[in-house]
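In what follows, a single structure is set out as structure tokens and then discussed.
We use all heavy atoms of the structure for the numbers below, so side chains are in, but hydrogens, waters and symmetry mates are not. A quick note: this is a predicted structure, and the numbers were derived from the prediction, not measured. Nothing fancy with the numbering, it's 1 onward along the sequence.
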Amino acid sequence: MLELQNIDVVFAPHTPLATTALRGLSIAIEPQQIYVVIGANGAGKSTFLNVIAGDVMPTAGSIRHEGKDILRYPPHMRARHFARVLQDPLAGTCADLSIAENLSIAYRRGQSPKWRWALSQTKRQLFRSKLQEVGIGLEERLDEKVGSLSGGQRQILSV
């Protein structure tokens, strides 16, 4: 379970430009459940997700994952447990790399970097089978550059 308790986010605090994005947000997110975040522009939806990812540090509150305090964990440590699809389909992928190369990078998300061959035949077969489950034909295009894909196809790869 992921628990956020009394999360406040204030951008540019203690300045005339201070803007409160979240105030007193508390939520318990159960594993294996689907949640939808809905709100008007400026309501704090992206800020909420950025707090979970570790891209935004709250000004107050606590974040616990499976009972452990993760408030000070950097984004790369949180990436082992949480993934998200970014609003911008160009973000989260490398246009000049192939589909297989992008998937190889994503496959190691949250792990320490190591110098070794990134695209073994075993990994290529894993990527092919997972893409086949999506059902849009990307499994036959592993060597194609991601920059040639549509925004929606790129979002699938950015998870």
Side-chain angles (χ1 to χ4, degrees), residues 1-116 118 123 127 130-131 133-134 136 138 145-159:
M1 178 182 316
L2 176 66
E3 297 174 275
L4 286 77
Q5 289 291 320
N6 298 312
I7 297 292
D8 291 348
V9 173
V10 179
F11 294 109
H14 313 296
T15 72
L17 300 175
T19 303
T20 301
L22 299 174
R23 181 181 299 127
L25 173 70
S26 294
I27 185 169
I29 300 173
E30 298 285 342
Q32 307 299 316
Q33 297 298 308
I34 295 173
Y35 293 81
V36 177
V37 181
I38 300 172
N41 289 347
K45 303 177 298 292
S46 294
T47 301
F48 164 62
L49 296 174
N50 288 334
V51 165
I52 292 172
D55 293 333
V56 170
M57 180 62 69
T59 22
S62 66
I63 304 173
R64 300 184 73 74
H65 178 246
E66 297 178 353
K68 182 183 270 187
D69 180 4
I70 65 165
L71 182 66
R72 302 275 178 229
Y73 281 24
H76 75 274
M77 290 182 70
R78 295 183 192 199
R80 296 176 186 165
H81 308 285
F82 313 112
R84 60 187 167 157
V85 176
L86 302 172
Q87 290 175 312
D88 178 0
L90 303 180
T93 58
C94 299
D96 290 335
L97 297 180
S98 71
I99 292 172
E101 290 165 334
N102 271 271
L103 290 172
S104 186
I105 291 168
Y107 184 77
R108 294 205 41 86
R109 179 181 41 217
Q111 299 178 28
S112 61
K114 293 182 181 171
W115 290 100
R116 64 179 174 182
K123 280 188 188 172
F127 300 155
K130 292 296 183 184
L131 286 172
E133 292 175 18
V134 177
I136 60 172
L138 292 179
K145 293 207 183 285
V146 166
S148 69
L149 301 178
S150 71
Q153 290 169 324
R154 284 180 79 156
Q155 281 182 320
I156 288 169
L157 297 178
S158 71
V159 175

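Atom NE2 of residue H81 and atom OH of residue Y73 lie 7.5 Å apart, to the nearest 0.5 angstrom. Atom CD1 in I38 sits 9.5 Å away from atom NZ in K45 (nearest 0.5 Å). Note that CD1 of I52 and CD1 of I7 are 9.0 Å apart. Values are rounded to the nearest 0.5 Å.
No donor-acceptor pair closer than 3.5 Å links the side chain of K123 to the backbone N or O of Y107. In terms of modelled atom types and a separation under 3.5 Å, the side chain of T47 and the main chain of A21 share no donor-acceptor contact.
Judged purely by distance below 3.5 Å, without hydrogens or angles, the side chains of E101 and S104 never pair a donor atom with an acceptor atom.
Between M1 and I29 there is no side-chain heavy-atom pair separated by less than 4.5 Å. Side chains of R154 and V146 form a contact here, defined as non-hydrogen atoms less than 4.5 Å apart. At a threshold of 4.5 Å between non-hydrogen side-chain atoms, the residues I99 and L131 count as touching. Considering only heavy atoms from C-beta on, L17 stays 4.5 Å or farther from F11 through its side chain.
Nearest approach of A18 to P13, heavy atoms of both residues: CB-CA, 4.2 Å. Taking all atoms of both residues into account, the shortest heavy-atom contact from K145 to D96 is NZ-O, 2.8 Å. Of all heavy-atom pairs spanning L22 and G44, the tightest one is CD2-O, 3.7 Å. The shortest heavy-atom contact between Y35 and E30 is OH-N, 2.9 Å. Heavy-atom minimum distance, R78 versus V51: NH1-O, 2.6 Å.
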Listed pairs under 3.5 Å, donor-acceptor, residues 56-70 side chains, sequence neighbours left out:
unit_1, atom_1, unit_2, atom_2, d
T59, OG1, D8, O, 3.0
T59, OG1, V10, N, 3.1
R64, NE, G67, O, 3.2
R64, NH2, G67, O, 2.3
D69, OD1, L71, N, 3.0

Going through the distances and angles, do I27 and E3 end up as a side-chain contact (heavy atoms from CB on, under 4.5 Å)?
CA-CA 6 Å; I27 185 169; E3 297 174 275; over 6 Å; no
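D55 pairs by the salt bridge (Lys or Arg N to Asp or Glu O under 4.0 Å) definition with R84, not counting sequence neighbours.
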